[in-house]
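Structure first, commentary second.
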Amino acid sequence: MNRIDRKFAELKEQQKPAFIPFLTIGDPDVRTSIDIIKQLEQSGASIVELGVPYSDPLADGPVIQRSSQRALGSHQISIRDCIEAARVARSEGCELPFILFTYYNPVLQLGLDKIFPLLQESDISGLIIPDLPMEEDQEVQTLAKAHGIHLIPLVAPTSKERIERIVTRASGFVYCVSSLGVTGTRTQFHSGIDQFIETVRAATTLPIAVGFGISTHEQFVKFAQSCDGIVVGSALVRQVEEVLPLFADAATRPQALQQIDDFVSKLIRS
Ligand SMILES: O=P(O)(O)OC[C@@H](O)[C@@H](O)c1c[nH]c2ccccc12
């Protein structure tokens with residue numbers, strides 16, 4: 001059991017879905033990201049995905065690509081900086097379970113032998129590596145388990161017969177990708193999305209979360225009927241982008257955080 005397991009158990013008791021926001025760490029800077037994480041906790045987030053900015057985010061749409069470029073451009077944010085941001089947020093009283101969200105290349109750059117002790121020391125409970133296929137993840141799986149960290153798999157509507165194999169090795173929760181293509185808000189999802197979620201539900205006793213494209217309260221409520229968690233990235237990252245000028249001036253930072261709070265309230269409570 002780690003923070004992720006405890007959080008899902010707690011929410012199941014309350015019959016509430018997990019709200020799982022994603023943000024790019026270092027956009028616009030690490031200190032602001034930490035302030036946003038703490039605001040997200042106040043606003044009602046259950047778990048937070050800490051995005052490691054990457055130069056070639058092949059699965060990301062334009063909003064998160066721009067966010068990564070800002071983070072890399074101004075401060076060359078590294079995977080270590082993102083892990084450190086989690087440690088600082090925790091030291092400042094944030095109780096949210098953290099998931100480090102990173103492409104595989106930054107993990108290899110840091111070194112598999114180094115990353116897991118760092119994640120454990122920084123009380124990060126989960127890891128998502130979107131471009132690490134199941135066929136190549138044995139070593140990462142073994143190290144994650146040895147350090148009590150959940151390696152959370154992504155399954156897509158096209159995963160079909162792979163779903164069984166992916167979810168039997170999963171831990172923490174299963175991340176169902178709602179649509180094909182890249183991240184980014186959408187008005188409609190994969191046509192077989194409901195069937196797909198049912199298939200995943202039947203294949204695992206783990207909690208299942210859905211992500212990709214979710215940006216409105218109606219979509220949040222719809223997915224809360226069939227899933228235990230809802231991931232929202234681009235819509236939040238876009239909101240951060242909107243208020244960057246307010247973050248830039250110390251006098252208006254509270255306003256920026258208030259607008260993020262308003263965004264979250266509209267999304268999860270309407
Ligand atoms: O941005 P969206 O459409 O709300 O989707 C969540 C997504 O941002 C987050 O989980 C994520 C960010 N980058 C990714 C790359 C692949 C899969 C998922 C992701």
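Atoms within each ligand, like the ligands themselves, are counted from 1 in listed order. Just so we're clear, the structure is a prediction, and the values are computed from it rather than from any experiment.
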Have [X] and [Y] got a donor and an acceptor in their side chains that come within less than 3.5 Å?
| X | Y | answer |
| --- | --- | --- |
| Y104 | D137 | no |
| T24 | S67 | yes |
| R186 | S179 | yes |
| D5 | H150 | yes |
| Q39 | D35 | no |
| R269 | S265 | yes |

Note: F212, heavy atoms under 4.0 Å from ligand 1, region reported as both

Checking heavy atoms under 4.0 Å, the part of Y103 that sits near ligand 1 is side chain

Identify the closest protein heavy atom to [atom]: which residue and atom is it, and at what distance?
| atom | value |
| --- | --- |
| atom 11 (C) of ligand 1 | F101 CZ, 3.6 Å |
| atom 9 (C) of ligand 1 | E49 OE1, 3.5 Å |
| atom 13 (N) of ligand 1 | D60 OD1, 2.8 Å |
| atom 1 (O) of ligand 1 | S234 OG, 2.5 Å |
| atom 4 (O) of ligand 1 | G233 N, 2.8 Å |

Polar atom proximity, [X] to ligand 1 (N or O, under 3.5 Å):
| X | value |
| --- | --- |
| R186 | no |
| G184 | yes |
| G213 | yes |
| T185 | no |

Quiz item: Less than 6.0 Å separating the ring centroids of F189 and F212?
Solution: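 Not close enough - the centres of the two rings lie 6.0 Å or further apart.
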
Checklist entry - Is any side-chain heavy atom of V174 less than 4.5 Å from a side-chain heavy atom of I152? => result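 No - every pair of side-chain heavy atoms lies 4.5 Å or more apart.
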
key: Test item: Y103 and V52 side chains (from C-beta on) under 4.5 Å apart, heavy atoms   = no

Run the numbers for me: atoms of ligand 1, each under 4.0 Å from some heavy atom of [X], listed by number.
| X | result |
| --- | --- |
| P130 | 16 (C) |
| A59 | 15 (C), 16 (C) |
| Y175 | 6 (C), 7 (C), 9 (C), 10 (O), 18 (C) |
| I64 | 1 (O), 8 (O), 12 (C) |
| V232 | 4 (O) |

request  = Could you give me the CA-CA distance, side-chain angles and deciding distance for N105 and V107, then say whether side chain to side chain contact (heavy atoms under 4.5 Å, CB included) is met?
outcome  = CA-CA 5 Å; N105 188 280; V107 172; over 6 Å; no

